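Nothing here was measured: the structure is a model prediction, and the numbers come from that model.
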Amino acid sequence: MNAPLHSLSMHANHMARHTDNERMQTILQYVGVGSVIMMGAAATVHLFRDLFKPAPEPYPRHKYREMMDELNDKGRGR
């Protein structure tokens, strides 16, 4: 079974409610809580990456230089 992390919590909780083994219920509840914690950590990492990532240049410098060189070459008749 290849369940994504966001559905792992729901599946673990469902399985914990429908098993008679108390130890298995505890393990499945830990799995559910752990998957929720991992989703929160991943969301936090993505948020910080988006907030603190430097803004891209509107037009990269090397492209600007290439464009200016081409314009200068055309102006000289090449």
Peer 1: Side chain of Q25, backbone of D20: donor and acceptor closer than 3.5 Å?
Peer 2: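 No; zero donor-acceptor contacts below 3.5 Å.
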Peer 1: Just verifying a value: how many Å separate N21 CG and I27 CD1, rounded to the nearest 0.5 Å?
Peer 2: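 One gets 8.0 Å once the value is rounded to the nearest 0.5 Å.
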Peer 1: Given the rule that I, L, V, M, F, W and Y join up when any side-chain heavy atoms are under 4.5 Å apart, are L51 and V45 in one cluster?
Peer 2: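 No, because L51 and V45 fall into different hydrophobic clusters, even though each may have its own neighbours under 4.5 Å.
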Peer 1: Can you name the side chain to side chain contact (heavy atoms under 4.5 Å, CB included) partners of M15, sequence neighbours left out?
Peer 2: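 Only L28 meet the side chain to side chain contact (heavy atoms under 4.5 Å, CB included) criterion with M15.
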Peer 1: Would you confirm whether S35, through its side chain, and G32, through its main-chain N or O, come within 3.5 Å as a donor-acceptor pair?
Peer 2: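 Yes.
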Peer 1: Tell me whether the count of non-hydrogen atoms from other residues, nucleotides or ligands lying under 6.0 Å of CZ in R17 goes above 12.
Peer 2: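 Yes - once you tally the heavy atoms of other residues, nucleotides and ligands closer than 6.0 Å, there are more than 12.
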Peer 1: Which pairs with one or both residues in residues 15-46 pass ring-ring contact (aromatic ring centres under 6.0 Å, His included), sequence neighbours excluded?
Peer 2: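 Listed once each, the pairs are H14-H18.
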